[in-house]
There are 2 protein chains.
Amino acid sequence: MSNSKLYKGSLTTIILKLLNESDKMYGYEITQKVKELTKGELKITEGALYPALHKLEAQGLLDVEVKKVDNRLRKYYKITESGEKETSNKLNELANYIATMQALVNPKFSLE
Amino acid sequence: MSNSKLYKGSLTTIILKLLNESDKMYGYEITQKVKELTKGELKITEGALYPALHKLEAQGLLDVEVKKVDNRLRKYYKITESGEKETSNKLNELANYIATMQALVNPKFSLE
DNA sequence: AAATATACATAATTTTCTTATGCATAATAA
DNA sequence: TTATTATGCATAAGAAAATTATGTATATTT
């Protein structure tokens, strides 16, 4: 993730959320989708993305399937059942974090 | 910062924002204020806080003044002029980050 | 023919945290 | 009265999660 420098820790949430919504995606596709959805605000770097995908796979949150398309390899990732649960956890954490930061930074929002 | 695990990079923004609002604060006071404002959601650890304060001071964003109160030392931090500018930058970045994440994670929010 | 896009991967480094430890005084609880 | 908790600062070791720099390879566009 570049062009934001901020708030490391959200990449996993982004990956899980995108894969939770689509049947399957491959790495490069994820980088393009994020660029599109954020109007270029967020650019996921490969150095961050691929290790993150490998870790999620190792944790059993994603399954992988390799396919050859146009003579090039693609590794399609698909969310598992426990990945779906973790997605929900991560999204809750994110919502909670945003609420917390707004309470801190914007006096108008107070918690509870 | 503990009890949240989330989103490294926000501590500096929090410190600057709090100091931008009050005349001066000391480290321990900041930890208590954050705990109070977030209803215990966010607990800033000393291991994160003090190095962060030292760095902000070294960058010229904060000034420091040592006082002895009740026979104990307190290091009061006060925001500088360039600290005020940086606060505004950081708050914009935060607002931008939140908008970006909502666009990614919540289909209802789209950028622009 | 050269540059850009597609597609994956890893290593070195940096940033920013957590955890652990250390020192010291004041206030409260057992 | 003694032990614990609170107040107050600090740093070192380690972990986590990025950035930056490479590397390989094919396809497409300029």
Side-chain angles (χ1 to χ4, degrees), chain A residues 1-16 24-36 40-59 61-62 64-77 90 93-94 97 100-101, chain B residues 1-16 24-36 40 42-59 62 64-77 90 93-94 97 100-101:
Chain A
M1 208 157 29
S2 99
N3 273 18
S4 75
K5 289 181 296 176
L6 278 182
Y7 314 116
K8 305 180 180 194
S10 40
L11 179 57
T12 295
T13 307
I14 293 170
I15 294 172
L16 286 175
K24 60 183 185 326
M25 291 180 89
Y26 57 99
Y28 187 76
E29 187 183 8
I30 292 174
T31 67
Q32 299 309 300
K33 186 71 179 177
V34 168
K35 210 191 285 181
E36 175 205 329
E41 271 295 312
L42 231 62
K43 284 169 190 155
I44 294 184
T45 61
E46 303 109 309
L49 177 66
Y50 292 114
L53 286 171
H54 300 161
K55 189 178 178 187
L56 290 170
E57 190 198 342
Q59 291 172 332
L61 305 180
L62 301 182
V64 69
E65 186 193 350
V66 181
K67 276 194 185 172
K68 197 159 206 171
V69 179
D70 289 330
N71 205 34
R72 270 188 303 225
L73 280 189
R74 283 183 187 170
K75 288 181 76 172
Y76 279 98
Y77 290 92
K90 288 287 187 185
E93 273 179 31
L94 176 62
Y97 167 78
T100 298
M101 287 303 288
Chain B
M1 208 159 30
S2 97
N3 273 16
S4 75
K5 291 181 293 176
L6 278 181
Y7 312 124
K8 307 184 178 189
S10 39
L11 179 56
T12 296
T13 307
I14 293 170
I15 294 172
L16 287 174
K24 59 184 184 332
M25 292 180 87
Y26 56 99
Y28 187 75
E29 187 183 7
I30 292 174
T31 68
Q32 300 309 300
K33 186 70 178 175
V34 168
K35 209 193 283 180
E36 175 205 330
L42 232 61
K43 284 169 190 154
I44 294 183
T45 61
E46 304 108 309
L49 177 66
Y50 292 113
L53 286 172
H54 300 160
K55 188 177 180 189
L56 290 170
E57 191 199 341
Q59 290 172 331
L62 301 182
V64 69
E65 186 194 349
V66 180
K67 278 195 181 170
K68 197 161 205 168
V69 180
D70 289 331
N71 205 33
R72 271 188 300 225
L73 281 187
R74 284 184 187 169
K75 289 182 74 172
Y76 279 98
Y77 290 92
K90 288 285 187 186
E93 273 180 31
L94 175 61
Y97 167 79
T100 299
M101 286 304 288

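Residue numbers start from 1 in every chain, and the chains themselves are labelled A, B, ... in the order their sequence lines are given, proteins ahead of strands.
Between Tyr26(B) and dC9(D) there is no side-chain N or O to OP1 or OP2 distance below 4.0 Å. Contact annotation: Lys55(B) side-chain N/O to dT16(C) OP1/OP2 distance is under 4.0 Å.
A donor-acceptor contact under 3.5 Å links the side chain of Lys8(B) to the base of dA16(D).
Going from atom CG of Leu49(B) over to atom P of dC17(C) covers 10 Å, rounded to whole Å. Across the protein-nucleic acid pair, Lys33(A) atom NZ and dA7(C) atom P stand 15 Å apart, rounded to whole Å. Between the NZ atom of Lys35(B) and the P atom of dG8(D) there is a distance of 12 Å, rounded to whole Å. The distance between atom CG of Leu42(B) and atom P of dC17(C), rounded to the nearest whole Å, is 10 Å. Atom-to-atom, CD of Gln32(B) to P of dT5(D) comes out at 16 Å; the value is rounded to the nearest Å.
Listed in residue order, the members of residues 66-74 of chain B having a heavy atom less than 4.0 Å from DNA chain D are Arg72(B), Leu73(B), Arg74(B).
For the side chain to side chain contact (heavy atoms under 4.5 Å, CB included) test, residues two or more places apart in sequence or in another chain that qualify with Lys55(A) are Gln59(A). Scored by the side chain to side chain contact (heavy atoms under 4.5 Å, CB included) test, Glu57(B) finds Val64(B), Tyr77(B) as partners (sequence neighbours excluded).
Side-chain contact between Gln32(B) and Glu29(B) is absent, with no heavy atoms from C-beta onward closer than 4.5 Å.
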Could you write out each protein N or O paired with an N or O of nucleotides 9-12 of chain C at a distance under 3.5 Å?
residue, atom, partner, partner atom, Å
dA9(C), OP1, Lys75(A), NZ, 2.6
dA9(C), OP2, His54(A), NE2, 2.9
dT10(C), OP2, His54(A), ND1, 3.4

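Side-chain contact of Tyr97(B) with Ser10(A): a donor-acceptor pair under 3.5 Å is present, judged by distance alone.
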